S.K.: 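My questions all concern the structure below.
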Amino acid sequence: MDFSLGAERMMLRDSLSRWLADHHDIRTRNRLAASEPGFDRGHWAALVELGVVGALFTEAEGGFGGDPFDVTTVFEVVGRALYAGPLLANLMAGRMLAGAGRTDELAAIIAGEKLAALAHFEHDGRYDPDHTATTVTAVPGGWHLRGAKTVVLNGDSADWLIVTARQSGDAWDRAGRLAFVVPADAVSRRGYPTIDGLRAAELRIDTTLPASACLGEATPLLDVALAVGTLAVSAEAVGAMEVLRDMTVEYLRTRKQFGRPIGSFQALQHRMATIYTEIEQARSAVLLAAGTNSAKALAGAKAMVGRIGQLVAEEAIQMHGGIGMTWELDAPHYAKRLIMIDHQLGDVDYHMARYIALSRAA
Amino acid sequence: MDLNYSAEEQKFRDEVRAFLAAELSPRLSHKVKNGLRLTREDMQGWHDTLNRRGWLADSWPVEWGGTGWTPVQRQIFEDESCAAGAPRIVPFGLKMLAPVLFKFGSEAQKRYYLPRILDGSDWWCQGYSEPGAGSDLASLKTRAVRDGDHYIVNGQKTWTTLGHYANKMFCLVRTSTEGKPQEGISFLLIDMDAPGITVRPIILLEGTHEVNEVFFDNVRVPVENLVGEENQGWTYAKYLLTHERTNIAGIGFSRETMAHLKVVSREIRTRDGVLADDPQFALRLARIEMELEALALTNLRLLSDPAAAAMAGPMSSMLKIKGTEIRQALDDLLRRALGPHALPFVPGALEEGYNAEPIGPSWAAPVARDYFNHRKITIFGGSNEVQRGIITKTLMGL
C-alpha cells in the first residue's frame, strides 16, 4: 500500500490552492453567485490553463490524469476554497462524452472552449438515477426529445446539455434509455441560484435533433459519470469540513467569555475532538472509494460525508454562537455547502439503502 | 390522573377554531403556511385582531387584560393558532417586558406602558446581548451614567430582533462597575426615536434581515424609565428567565410542522410507493414524533403542577433544550423529504405576490431557508450549552 499523493498530484493541488487563494475569496464567490453564470469566466479560463480540467480526464480521453485520485485531489481543493465554478458539471458531462467516444467535444471542454452540463435527473426521480420519464422517439433523420430536467447544475451557462431520455420500458427501467448532446439553444431553461452559492437550472425539452446527437445507451455512461461525480462531491465535502473545523478551532481559541477563551471549556473541547476523529473517518471513506473502484465503498463514502458533513456544519455554527448565523462570516457559507452536498447525487438515506443492497448482492 | 381533554377543554378548542376561521384571513394564513415574509403590518394586524377579542395577552393577570386561561387552554390556543397558520406573536413587549413590569415596575409605568403594548402603540425590542457579552451576558458594557434627571447611555447592543420595527427597547445597562458584574446592571426603558441611536441590519446566513446592531451615542434617557431599583436589573432579567415559561418549547409550531411533514411525505412518490413508507424516513419521523408528544406533556406538567414551580429554572432549561432540538429535527427532516429540490433558492420566491412556477413541489421554497435560519434557536435566548449549565448547577449542585 502507498498513501503518498505523489509529486504530480501535490503540484496540481498546490497550484490550484494558490490560484484560488489569490483570486477567489468567499466575498467574491458570493457576489458572483447572485447572477448568471454564477462564476467568473475568466477564472474558468485560468483553471483550464492550470490544467485543472485536463487533470480530470485520462490521456486517452485527451486529458492527462483522470484517475480517481486525480479527481479527489482537485475536488478537495475545490471544497477548501468553496469554488463555485462548473467543474462538477463538466466532469460528469465530460465522462458521458468520453464513454461515447466523443473526443472532439471532450477536447473543446478540456481546452475551455465549451461548457457542458449533465441533465439527467427529473422531478419525480429524487436521487434514483434509474428514473427517466423524458421520452425520445426516432424520427426521419434523427430524434425527437420531450420532457423536463430538474436542478441541472450549471445548466444555465452550459453550451451543451447531455440529456438522457427513454426510448422504451417503464419509468424506472435501467434499460431503454439513450443519451444526447443537446445544444443550449435547443432547450428552454430557467437558471437560478442555489442556497449554497451555486447555480442550477430547470430545463424543458421539446426538440428534434440530428442522428449525430445520440451518444448511445445512457445507462453504462451514467453509471460511470454519476460514480465519478459522487466521488468528486465527497472529496469536496472533506475539503470543506477541514477548513470549517480549523475556523471553528480558531474561534474557540480567540473568543473570550467568562474571562477565558471558550475553547478552555471541556465540553467544547470534547465535541471538537469528536469532529477531528469523524473527519479522519470521512477522509478514509473517500480514499477507499477512490482506491477500490467499489460501488459499495462509494455508497459508504457519500453516506459518511453526508452524516459527518452535517455534524461538522451544525457544530461549527453552534460553537461560533451568534456570529455563526451571519452572512458576513465565511464559516456559515462552508456550513451551507456541507449540508447541501447531501442533496446532490444521493443523500445519507439513499446511500445507506444502496450500501445495504450492495452488501446483500455480494 | 386524567390525560384526556375535558368537555370544557373541547368546547374551548371549538371556540378557538371558530375565532380563527372567522378572523384569520386566508391571505395571511397562506403567507404563514408558505413561509412568505411577513411585513410589520401583517404582524401588528394580527396582534390587533387578537386584542379586539381580548386574547392577545393570554398569560397576563386578568386585571391587566389577561385571559385567565389554564395552561391546557393556553396550549390548545397555541396548537390551534399554529395549525390554522396564524402569525406567531412577537414576544418582546407582551411576554418579556410585561412580566417584569408586573413584578417590579412602578404603578405609573404599568398604567402607561401595558395598554400601549396591547394596542400596538409601542413595538418593543430587547437590548441584552453585546458583541462581547453573549453567553456571558453579565459582562455587558453598555454604560448608563446618571446626569441630573437623565441617564446618558453609550454602547452597543446586538442580535436585536426586529429592532428596525421597534420604537422602544428594554435594555440592560451598566450603572456601576463596583462589585461583581451582575451587581451593576440596571433595567432601562429606552425610546428608539431618541437622538443618538443608530440601527444597523445584520444579514443572516440565508439572506434574511431580522436582527440588528444598535448603537448608543450619548443617548439621554429619563430616570423615570428605570424599572425597579438601580443595579437590580440582573435580578429582574433572571426572574424573567425562570418565570416566563409559555411557548418556549414551541409545541404548537412543531405539531403543525409534523402534520405538514406527514401530509407531504404521503405525496412524494418514490420507486416503491411514497416517502412515508420508506423505512429510513419512517424511523426518523417516529423518533421525532414520540419526543414531541412527550415534550408536550412535560410542558403541561410544568405549567400545571405547583410542586414543579420550585424546579422552574432547570425545567424551563429542559423545555428549551428539547423544544429547540425537536424543532431543528423537524426542519431537518422536511429538507430531507424535499430531496434535490432543497437546493433552488430563487430570490423573491418568499415575497407575497410571487407567481412564477415553483421549482419542485409547491411547499419547497422556504424549506432550506427555515432549516438554516432555525440553527439560531439553540444559540439565541440562552444557548443550549448555557441551559445545560443551569440544569447542572441547579439540579446536581455541581
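None of these values were measured; they are calculated from a predicted model.
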S.K.: Quick check on Pro181(B) against chain A: is it the side chain, the backbone, both or neither that has a heavy atom closer than 4.5 Å?
M.R.: neither
S.K.: Considering only heavy atoms and a distance below 4.5 Å, find which of Phe121(A), Tyr127(A), Tyr192(A), Phe258(A) pairs most often with chain B.
M.R.: Phe258(A)
S.K.: A side-chain contact here means heavy atoms from C-beta on lying under 4.5 Å apart; do Ser359(A) and Lys296(A) qualify?
M.R.: yes
S.K.: Side chain from CB out, backbone as N, CA, C, O: work out which of these in Thr326(A) comes under 4.5 Å of a heavy atom of chain B, or both, or neither.
M.R.: both
S.K.: So which of Glu202(A), Glu314(A), Met352(A) has the largest heavy-atom pair count under 4.5 angstrom toward chain B?
M.R.: Glu314(A)
S.K.: Does any heavy atom of chain A fall under 4.5 Å from the side chain of Arg284(B), the backbone, both, or neither of them?
M.R.: side chain
S.K.: If we define contacts as heavy-atom pairs under 4.5 Å, which of His333(A), Lys256(A), Gln257(A) has the most with chain B?
M.R.: Gln257(A)
S.K.: At a 4.5 Å cut-off on heavy atoms, which part of Asp349(A) comes close to chain B: side chain, backbone, both, or neither?
M.R.: both
S.K.: Below 4.0 angstrom, N of the basic side chain to O of the carboxylate: do Glu328(A) and Arg27(A) qualify?
M.R.: no
S.K.: Can you tell which part of Thr270(B) gets under 4.5 Å to a heavy atom of chain A, answering side chain, backbone, both or neither?
M.R.: both
S.K.: Does any heavy atom of chain B fall under 4.5 Å from the side chain of Ala353(A), the backbone, both, or neither of them?
M.R.: both
S.K.: When you measure from the centre of the six-membered ring of Phe345(B), is the NZ or CZ of Arg369(B) closer than 6.0 Å and no more than 45° off the axis?
M.R.: no
S.K.: Any idea which of Arg199(A), His131(A), Arg190(A) has the most non-hydrogen atom pairs under 4.5 angstrom with chain B?
M.R.: Arg190(A)
S.K.: Using heavy-atom distances under 4.5 Å, tell me whether Leu343(B) contacts chain A through its side chain, its backbone, both, or neither.
M.R.: both
S.K.: Does NZ or CZ of Arg126(A) fall inside the cone over Tyr350(A)'s six-membered ring, less than 6.0 Å from its centre and within 45° of the axis?
M.R.: no
S.K.: Under 4.5 Å, counting heavy-atom pairs only, tell me which of Pro347(B), Gly360(B), Gly207(B), Ser139(B) racks up the most with chain A.
M.R.: Gly360(B)
S.K.: Hey, could you give me the OG/CD distance between Ser135(B) and Glu385(B), rounded to the nearest 0.5 Å?
M.R.: 7.5 Å
S.K.: Could Lys157(B) and Phe216(B) be counted as a cation-pi pair, given that NZ or CZ must be under 6.0 Å from the ring centre and within 45° of the axis?
M.R.: no
S.K.: Let's test your reading of the structure: which of Gly322(A), Ala267(A), Gly321(A) forms the most heavy-atom pairs below 4.5 Å with chain B?
M.R.: Gly322(A)
S.K.: Can you tell me how far apart CG (Leu285(B)) and CG (Asp278(B)) are? Round to the nearest 0.5 Å.
M.R.: 11.5 Å
S.K.: Any idea which of Ile317(A), Ile339(A), Leu198(A) has the most non-hydrogen atom pairs under 4.5 angstrom with chain B?
M.R.: Ile339(A)
S.K.: Among Arg388(B), Arg335(B), Glu206(B), Glu357(B), which residue has the highest count of heavy-atom pairs closer than 4.5 Å to chain A?
M.R.: Arg335(B)
S.K.: May I ask you to establish whether Arg271(A) and Phe265(A) are in a cation-pi arrangement, using a distance under 6.0 Å from NZ or CZ to the six-membered ring centre and at most 45° from the ring axis?
M.R.: no
S.K.: What part of Ala138(B) lies closer than 4.5 angstrom to a heavy atom of chain A: side chain, backbone, both or neither?
M.R.: neither
S.K.: Name the region of Asp124(A), side chain, backbone, both or neither, that has any atom closer than 4.5 Å to a heavy atom of chain B.
M.R.: both
S.K.: Pick from Leu275(B), Thr158(B), Thr208(B): which one has the most heavy-atom pairs with chain A under 4.5 Å?
M.R.: Leu275(B)
S.K.: Answer with side chain, backbone, both or neither: which region of Leu345(A) has an atom nearer than 4.5 Å to a non-hydrogen atom of chain B?
M.R.: neither
S.K.: Would the His343(A) and His341(B) ring centres measure less than 6.0 Å apart?
M.R.: no
S.K.: Need one label for Ala349(B): side chain, backbone, both or neither, based on atoms under 4.5 Å from any heavy atom in chain A.
M.R.: neither
S.K.: Give a yes or no on this: more than 12 heavy atoms of other residues, nucleotides or ligands lie within 6.0 Å of atom CZ of Arg269(B).
M.R.: no
S.K.: Is the number of heavy atoms from other residues, nucleotides or ligands within 6.0 Å of CD (Glu267(B)) greater than 12?
M.R.: yes
S.K.: Non-hydrogen atoms of chain A under 4.5 Å away: do they reach the side chain of Gln328(B), the backbone, both or neither?
M.R.: neither
S.K.: Please classify the contact between Asp342(A) and chain B as side chain, backbone, both or neither, with a heavy-atom cut-off of under 4.5 Å.
M.R.: side chain
S.K.: Are any side-chain N or O atoms of Thr194(A) and backbone N or O atoms of Pro344(B), one a donor and one an acceptor, separated by less than 3.5 Å?
M.R.: no
S.K.: For chain A, find which of Pro131(B), Ser129(B), Ser383(B) contributes the most heavy-atom pairs closer than 4.5 angstrom.
M.R.: Pro131(B)
S.K.: So, do Leu338(B) and Pro361(B) sit near enough that their side-chain heavy atoms are less than 4.5 Å apart?
M.R.: yes
S.K.: For Thr257(B) and Arg327(B), test the side chains for any donor-to-acceptor distance below 3.5 angstrom and give the result as yes or no.
M.R.: yes
S.K.: For Asp332(B), is it the side chain, the backbone, both or neither that has a heavy atom under 4.5 Å from a heavy atom of chain A?
M.R.: side chain
S.K.: Heavy-atom count check: over 12 atoms from other residues, nucleotides or ligands less than 6.0 Å from Met247(A) CE?
M.R.: yes
S.K.: Please look at Phe372(B) and chain A and tell me whether the side chain, the backbone, both or neither of the residue comes under 4.5 angstrom of a heavy atom of that chain.
M.R.: both
S.K.: Please classify the contact of Gln318(A) with chain B as side chain, backbone, both or neither, using a heavy-atom distance under 4.5 Å.
M.R.: both
S.K.: Quick one, Thr164(A) and Thr134(A) - any side-chain contact, counting heavy atoms below 4.5 Å?
M.R.: no
S.K.: Select one option (side chain, backbone, both, neither) describing which atoms of Ile268(B) are under 4.5 Å from chain A's heavy atoms.
M.R.: side chain
